[in-house]
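Step one of this worksheet: look at the structure below.
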Amino acid sequence: MLTKKVLLAAASAMLVTTVTFATSAPPAFADDWVDCDAVMNEVNSGKHAKDIATDLNISTSSVNSCKRQAEAAAKASAKSSKQAQSGNEPPMAAPKSAGSPM
């Protein structure tokens, strides 16, 4: 009987300790949302990734992620404008006339 009381008290103490530490510790991750426009303004002004991360309270990997997204967008934009200039755009579907049967 005494053993059950001791085990119950120990389990309760562990539960209270776990809940206390879990609620008091700050999360180890930042928000998923990062203002990449603000990051790129800082990058274009010549700041280093570490300085940008410190100023905007984000991680350097978030800064690098925004840089990669901007590079990918620039490549896609350049590719589509190159296709438009060379005339290699995919053909559009021909409009159906109102009188033709379906």
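- Sorted by first and then second residue, the disulfide bond (SG atoms under 2.5 Å apart) pairs with a member in residues 44-78 read Cys36-Cys66; sequence neighbours excluded.
- Within the structure, the salt bridge (Lys or Arg N to Asp or Glu O under 4.0 Å) test picks out the following pairs touching residues 45-62 (sequence neighbours left out): Glu42-Lys47, Lys47-Asp55.
- For Ser61, the side chain to side chain contact (heavy atoms under 4.5 Å, CB included) partners are Ser59, not counting sequence neighbours.
- With rounding to the nearest 0.5 Å, the separation of NE2 in His48 from OG1 in Thr54 is 12.0 Å.
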Result block: side-chain N/O donor-acceptor pairs under 3.5 angstrom for residues 7-18, not counting sequence neighbours:
unit_1 : atom_1 : unit_2 : atom_2 : d
Ser12  : OG     : Leu8   : O      : 2.9
Thr17  : OG1    : Ala13  : O      : 2.7
Thr18  : OG1    : Met14  : O      : 2.8

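- Under the side chain to side chain contact (heavy atoms under 4.5 Å, CB included) criterion, Asp35 pairs with Trp33, Asp37, Ala38, not counting sequence neighbours.
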